[in-house]
Amino acid sequence: MKKWLISLLAMSSALLSGCQTNMVVFEPQGPVARSIMELINWSLLWMLLVVVVVLTLFGYIVWKYREKKENMNYEPPEEHGSTTLEIIWTAIPILIVTALTVPTVKTLYALENVPAGYESKKPITIHVTSADWKWIFSYPEQGIETVNYVNIPEDTPIDFKLTSAGTMQSFWIPALGGQKYAMNKMETQLYLVADNPGSYFGRNTNFNGKGYAEMEFEVQVKTEKDFDEWVSEAKSSAPKLTEQQYEELLKPTHLGRLTYSNTHLAWVDHSKPDSKSYTNPELYRGHGYPGKIFEEEDNYRSPDAQKDAVQNLENKDAHRGDTHGH
Amino acid sequence: MSAKVNTSLPLEYQTEQNRLNILGFWIFLGAEIVLFSTLFSGYGVLGERYAGGPVLKDIMVFKDVMIQTLLLLVSSFTCGIAIFEMRRNNLKGLLAWLVITFILGAGFLYMEINEFMHYVHAGATMQTSAAFSSFFLLLGTHGLHVTMGIGWGTMIIIQLLKKGLIPETARKTFIIGLYWHFLDVVWIFIYTYVYLKAMVS
Amino acid sequence: MGINLKEMFYFNDPLIIGSQIAIVLTTIGIVAGITYLKKWKWLWTEWLTTVDHKKIGVMYIISGVLMFFRGGMDGLLMKAQTARPEMGFLDAQHYNEIFTTHGVIMILFMAMPMLIGLMNVAVPLQIGARDVAFPQLNALSFWLFFAGAMLFNISFVVGGSPDAGWTYYFPLAGKEFTPGIGNNYYAVALQIAGIGTLMTGINFIVTILKMRTKGMTLMRMPMFTWTTFVTCVIIVAAFPILTVALAMATFDRLYGTHFFTVSSGGMDMLWANLFWLWGHPEVYIVALPAFGIFSEVIATFSRKTLYGYKSMVYSIVGIAVLSMVVWVHHFYTMGAGPAVNSIFSITTMMIAVPTGVKMFNWLFTMRKGRIKMTSAMLWALAFVPCFLIGGVTGVMLAMGAADFQYHNTLFLVAHFHYVLIPGVVFAVFAGLYYWWPKMFGHMLNERLGKWHFWLFVIGFNLTFFPMFFLGLKGAIRRSYTFSAASGFSELFLLSAVGALILAAGFAVFCYNIYWSVRYADRNISSDPWDARTLEWATASPVQYYNFAYLPEVKTLDAFWYMKKNNIGIKLDENQIEEIHMPSNSGLPFVMCAVFGIVGFFLVFEWHLAAAIASIGIFAGLIARSFDYDHGYHIHKEEILATERAWRQAEGEVNTRVG
Amino acid sequence: MEKKANGFPMGHVYGLVLSLLLTFLAAGVVLKTALSFPAVMAIIGTLAILQAALQLFMFMHVTEGEDGKTNLINIVYGVVCAVIIVAGSVWVLTSGHAH
Ligand code: HEA
Ligand code: HEA
Ligand SMILES: [Cu+2]
């Protein structure tokens, strides 16, 4: 148990002193992630206390009362318990739990609002749509859509509105804040702010099939000037996304980065309860025994979807499992 | 497990094994409560999600639901009488009331199947929408229980005819009595939270 | 329903072909072996048709050990794949299938049968009963579990494995995104096994409530019996939820309904909600009996009665109640809002309180004791620090806001292995070393036991401790690979090495079983540990009728009291009467086959065939309804002879760890 | 436990009459009154619970026999679980941003 104790101590002292740990959770790059880290540090402190107390007690008792040659004749006493002790070890954990509860609840409520200190700044709304296995970011105010990367200005609250075109995903940029699910016909919401320009890593953490491991994106935090420049450049030079292209985009594939000068919100908002479903099970055929598929009225069926599916099946023996070729 | 018999008790409680079985069945009913409440929670969450398809309120026939309810309520009563007759050691009475009970149950089933067919004709199947998926699962599970009850009851009637009233047959009859009353309880909640609720909204 | 053999047994994957060949060869080997040894009749009458709780327990345990092999192999394969960045050992699809089957098998087909097996072996003896309340139902429970487990296991070689995670989240698990039949296996196999478990729950509740021997009040029951009882209460409250959730899933996949689908109003969140309404109680269903085993082992080997017995009882009841109201902590990130998350954060953290009470009571049981370091006790000792780490990280996860950073990372994976392995696997090992002599009349080798212990505990910590850090670095669960640039490589490698040591530990355990069965001393005491509870008051291995006559209980730790005061130890021949026993029955085994066949047809979506086969189920039910078998009686002379024989041998015992 | 009475079991008859009454009352509230949705649901919900209790006690005799207390605890526990499952699920799945 010494080993654990030492490594735990080492870990937490490293964390608390805030030095380089390579642990993204402990290197927050924005107020949201920072508030969570503070909560985590608070909990670590208490947990450390619990661990130290219990391990000390444990080590002492096991060592002192172990069976030895000398004490073979020792017959342990009959004892049934102690009300005082029972009360102590019920009450103290209750106090500890209370000490953890209060900041937890506070943080939970705080996370639903624009982070403290940024209320005066108008948030930028970005709609995040996850599809198999890519991330689509729509900037309705700017009229831009990007795939697999998202640019945001520094020090500005971003109001991410999350939804999914199909399976359930979880949207996570660990350096900037915690995660939330993106679900079809549902809208979840997440505020994040970045302190400094830089490139951060974002990804899906909720398992959603074959291409899950590679479902990542990049967050580029820019100065406000750079951001505005990027917006106007994108508006002028990026192509327009058509509905047909969009349907192509939703197929289960891996894509590189893309930029468009309009958004798909014009024809579908997947978070609306009655929005169209774009499912095509044929595209998800894998190995093994094929099961029955149910036709849905609003299933997405482009003319060549069937062809794709057949091809998919034919190729599957050649490279099973790596349909994602990047 | 021993075959000790305590004749001061009603037949179904006379042997130890009988008492074990009856308690076990009560616990099973506890599990059934959880099972049905899960079905209700599914209906509670999905019950309004018609996805543009037919709506229960528009296609249901309240009069038929009332008849189903009455059939089941009365059958629960006749079932109680049957057990009463059993405790009086009146095999004939027991059999007669049991048969009446299951005939009423069959009537209920007949009405329910008709009702389902009516919905299917109106375009509401299990596949139409989440609301009807959860509706049919809840109602279907109850209906299946009634069906099983009738089948099981028939077996017991045969056994009563063959063996007469002995501790074992008495226990079996008593247990199916509990089961039958329980199905009535479930129906009361279906009647309230599915049908009446649909009428209100 | 055309049958395409090529698709059913996809013949293009070396891993799967290898497994297929292995399965065929093993089956041929077993069949040939039994035929050669002329053991078919013995197998049928002694095991397949038995209704004896002790034999059923042993069958559960054997199945559990086999499933541990399968689940452990899955674990090793995953560790091999992630040992280095961008390994090409498994592709994404394989990895997905493997962690799915690993999770399901470990929890439902390893942990559950191991613990239910030990309950079967010990609980009726601990309460001084002849058997469980419904012996035939007990056999049926086992065989349904077995049918479910076998059905689930063939998925790897026939038709395709499930690949949506053990949590089986929709809509991924639905037909819209996994149209193959692989995921049908999950829905059908778990349903069959789940029904078996539910019946076990009912059976043991009635057994414990009604079949305690004279004088054994509730507050005199051994702690393992208490935890079994409370566990069964949770089973009865939680498993019907799984039944319904799986029924909905089955309908969605087989009949195109819309419970959890994307289209036509389905709601994927409902699955998550129902799954965890069952899933969270389930983790306590496996943890509580384990706590009971530790209580027995710690009390026995400290030579003291359990400290704070009453508060131990209240704390398990408390855990049971709380376990029903914390399920949302598995999806804080689903966006239900701060009010919901706050409430469930609080309820979840409150579980630390009763668990803490147990921890401290165990520690104080050892205090002033004389702690004997047997293999069984070592497992109980290692449990304390290891589970502590799992527990406190659980509390960290329970803080809703913090969970936004841990969720679905390897931090979570580390947490649950740190509670499941100390809390279940250590307990099972402790229980097996402890009750082995009671089951088989010989001990497991203590020296091999210590090798097993140290390798396993060191390997376990080495495997899973790095995962906490990996999680904090941003490594996610269920990802088949990672890039070299991520900086995860060293810790992943360390973890893989740990898994090898862990596996070596388990290999020593298997060898220990082999060695002990062949060479261990049979001449041992019926009470080799100087233990405290009633199961040690009768012969080892236990006579099929358990007790010549039912003992009378005066205090907690009944057998200890009997030994100290020398009452009720000697056989009082006047008290012996005829014993009534239930008859064997082949019906449970037949039902297992029928359920297996129906399940198989359903998995392959051959609805007509399934409907026809399910007639067998009804036939079975009817046959059972008309079965008026009253069992048989054992005569006094036979009991006397048996009792005299083992009690005489008892005097010449030379193996007793005392 | 019931006596081995000879007459007709009037308890059962009262039970039937009561349960019919409750059923029609619920239907009446729904069909003939113009109360708000929550009010109607509260009333008919109460009536349903009353009627379930009536079945339990007048027809099923939960408290009968040597395990009467156990039966009652069992049913109460089942009902508590039922409330947690139904109310909990609905609450969790309809709050917050998840619409
Ligand atoms: C045996 C199984 C088991 C046990 C016992 C536990 C015990 C606990 N678990 Fe764990 N858990 C799992 C198995 C288990 N868990 C599994 C399998 C998953 C993941 C499933 C999946 O997603 O695949 C999971 C996931 C999981 C999550 C979800 C995280 C996420 O998905 O993001 C959470 C969150 O709250 C959690 C919390 C807890 C808590 C608070 C306890 C507590 O019961 C722990 C209590 C114990 C202690 C705290 C230690 C002893 C106490 C003291 C010494 C007293 C003093 C202590 C304090 C005051 C803190 N667990
Ligand atoms: C009781 C439950 C239990 C147990 C005991 C274990 C035991 C182990 N688990 Fe666990 N695990 C889960 C329950 C459990 N697991 C669950 C629920 C999940 C989540 C699944 C999901 O995400 O859906 C999971 C997920 C999971 C993952 C995460 C996958 C991912 O998210 O990417 C990993 C990865 O390392 C892992 C590894 C292991 C290992 C190495 C062991 C080891 O302890 C196993 C040790 C056993 C052996 C090693 C036996 C084999 C021994 C031999 C065959 C002897 C011969 C010897 C040699 C060949 C050397 N498990
Ligand atoms: Cu949990």
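Letters A, B, ... are given to chains in the order of the sequence lines, protein chains preceding strands, and every chain is numbered from 1. Nothing here was measured: the structure is a model prediction, and the numbers come from that model.
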* Asked: Can you check whether A:M183 reaches C:M334 side chain to side chain, under 4.5 Å on heavy atoms?
  -> yes

* Please examine the side chains of A:W89 and C:N361, heavy atoms only from C-beta on, and report whether any two atoms are closer than 4.5 Å. => yes

* Structure fact -> Checked C:M396, C:H407, C:R478 vs chain A; the most non-hydrogen pairs under 4.5 Å come from C:H407

* To do: Report yes if the side chains of A:F207 and C:T167 come closer than 4.5 Å at any heavy-atom pair, otherwise no.
  => no

* Asked: Has the side chain of A:Y74 got a donor or acceptor atom that lies under 3.5 Å from a matching backbone atom of C:K368?
  -> yes

* Asked: Looking only at heavy atoms, what is the nearest atom pair of C:I181 and A:G291, with distance?
  -> CG2-CA, 3.8 Å

* Measure the shortest side-chain to side-chain distance between A:E86 and C:V357 over non-hydrogen atoms and say whether it is less than 4.5 angstrom. => yes

* Rounded distance (nearest 0.5 Å) linking atom NZ of C:K564 with atom CD of A:E78 -> 9.0 Å

* Heavy-atom distance under 4.5 Å to chain C: side chain of A:Y109, backbone, both or neither? -> both

* Asked: With no hydrogens and no angle check, is any side-chain donor or acceptor of C:Q405 less than 3.5 Å from a backbone partner on A:P174?
  -> yes

* Structure fact -> What one should report as the nearest heavy-atom pair of A:V105 and C:S342 is CG1-OG, 3.6 Å

* Structure fact -> Under 4.5 Å to a heavy atom of chain A? For C:M373 that would be side chain

* **Interchain contact, A:S35 with chain C, by part (heavy-atom threshold 4.5 Å)** => neither

* Select one option (side chain, backbone, both, neither) describing which atoms of C:F99 are under 4.5 Å from chain A's heavy atoms. => side chain

* To do: Without swapping roles, check the side chain of C:R370 against the backbone of A:M72 for a donor-acceptor pair under 3.5 Å.
  => yes

* Option in A:A182, A:G177, A:A175 with maximal non-hydrogen atom pairs under 4.5 Å from chain C -> A:G177

* To do: Ignoring hydrogens and angles, tell me if any N or O in the side chain of A:K185 forms a donor-acceptor pair with the backbone of C:G265 under 3.5 Å.
  => no

* Structure fact -> All heavy atoms of A:P281 vs all of C:P179, minimum pair found to be O-CG, 3.5 Å

* Contacting moiety of C:D557, where chain A heavy atoms sit under 4.5 Å -> neither

* May I ask you to test the A:L57-C:F364 pair for a side-chain heavy-atom distance under 4.5 Å? => yes

* Non-hydrogen side-chain atoms of A:E214 and C:Y480 separated by less than 4.5 Å -> yes

* Structure fact -> Across all chains, not counting sequence neighbours, the ring pair (Phe, Tyr, Trp, His ring centres under 6.0 Å) partners of A:F160 are A:F171

* **Per-residue contact mode, C:W560 against chain A (heavy atom under 4.5 angstrom)** => side chain

* Largest heavy-atom contact set with chain A, pairs under 4.5 Å, which of C:D268, C:T178, C:I346 -> C:D268

* So A:D132 and C:F177, side-chain contact (heavy atoms from CB on, under 4.5 Å) or not? Walk me through it. -> CA-CA 10 Å; A:D132 287 352; C:F177 298 100; 3.9 Å; yes

* Asked: Atom OG of C:S302 and atom CZ of A:R66: how far apart are they, to the nearest 0.5 Å?
  -> 14.0 Å

* To do: Start with the C-alpha gap between A:W172 and C:T333, add the side-chain angles, then the distance that decides, and say whether side-chain contact (heavy atoms from CB on, under 4.5 Å) holds.
  => CA-CA 10 Å; A:W172 190 36; C:T333 49; over 6 Å; no

* Measuring heavy-atom distances to chain C, does A:I96 have an atom under 4.5 Å in its side chain, in its backbone, in both, or in neither? -> neither

* To do: Measure the spacing between NZ of A:K292 and NZ of C:K175 and express it to the nearest 0.5 Å.
  => 8.5 Å

* **Nearest heavy-atom neighbours spanning C:P338 and A:L108** => CB-O, 3.9 Å

* Is it the backbone or the side chain of C:D163 that comes under 4.5 Å from a heavy atom of chain A, or both, or neither? -> backbone

* To do: Before giving the answer on side-chain contact (heavy atoms from CB on, under 4.5 Å), spell out for A:V54 and C:L363 the whole-Å C-alpha distance, their side-chain angles and the decisive distance to 0.1 Å.
  => CA-CA 9 Å; A:V54 176; C:L363 289 179; 4.2 Å; yes

* To do: Any chance you could measure A:E27, atom CD, to C:L472, atom CG, to the nearest 0.5 Å?
  => 11.0 Å

* **Top contributor to chain A interface from C:Y95, C:Y307, C:Y169 [non-hydrogen pairs under 4.5 Å]** => C:Y307

* Are any of the side-chain heavy atoms of C:K473 and A:N22 separated by less than 4.5 Å? -> yes

* To do: I would like to know whether C:Y406 and A:Q179 meet side-chain hydrogen bond (donor to acceptor under 3.5 Å, both in side chains); could you show each step before the answer?
  => CA-CA 9 Å; C:Y406 310 127; A:Q179 59 192 296; over 6 Å; no

* Heavy-atom distances under 4.5 Å only: say whether A:D274 touches chain C with side chain, backbone, both or neither. => neither

* What part of C:L388 is in contact with chain A, defined as an atom under 4.5 angstrom from a non-hydrogen atom: side chain, backbone, both or neither? -> side chain

* Structure fact -> Counting heavy-atom pairs under 4.5 angstrom with chain A, the leader among C:Y332, C:F170, C:Y255, C:F411 is C:Y255

* For C:L254, is it the side chain, the backbone, both, or neither that has a heavy atom closer than 4.5 Å to a heavy atom of chain A? -> backbone

* With a 4.5 Å limit on heavy-atom distance, are the side chains of A:H80 and C:Y309 in contact? -> no

* Asked: To the nearest 0.5 Å, how far apart are CD in C:E176 and OH in A:Y284?
  -> 9.5 Å

* **C:R477: salt bridge (charged side-chain N to carboxylate O under 4.0 Å, His left out) partners, not counting sequence neighbours** => none

* Drop me the distance from C:K372's NZ to A:E67's CD, to the nearest 0.5 angstrom. => 3.5 Å

* Identify which of C:L306, C:I476, C:V392 forms the greatest number of heavy-atom pairs closer than 4.5 Å to chain A. => C:I476

* **A:L100 versus chain C, the contacting section by heavy-atom distance below 4.5 Å** => both

* Quick one: what part of A:L39 sits under 4.5 Å from any heavy atom of chain C, side chain, backbone, both or neither? -> both

* **Atom of C:M349, atom of A:T101 and distance for their closest heavy-atom approach** => CE-OG1, 3.9 Å

* For residues C:P385 and A:L55, report the shortest heavy-atom separation together with the two atoms involved. => CB-CD2, 3.6 Å

* Asked: Is it the backbone or the side chain of C:A339 that comes under 4.5 Å from a heavy atom of chain A, or both, or neither?
  -> both

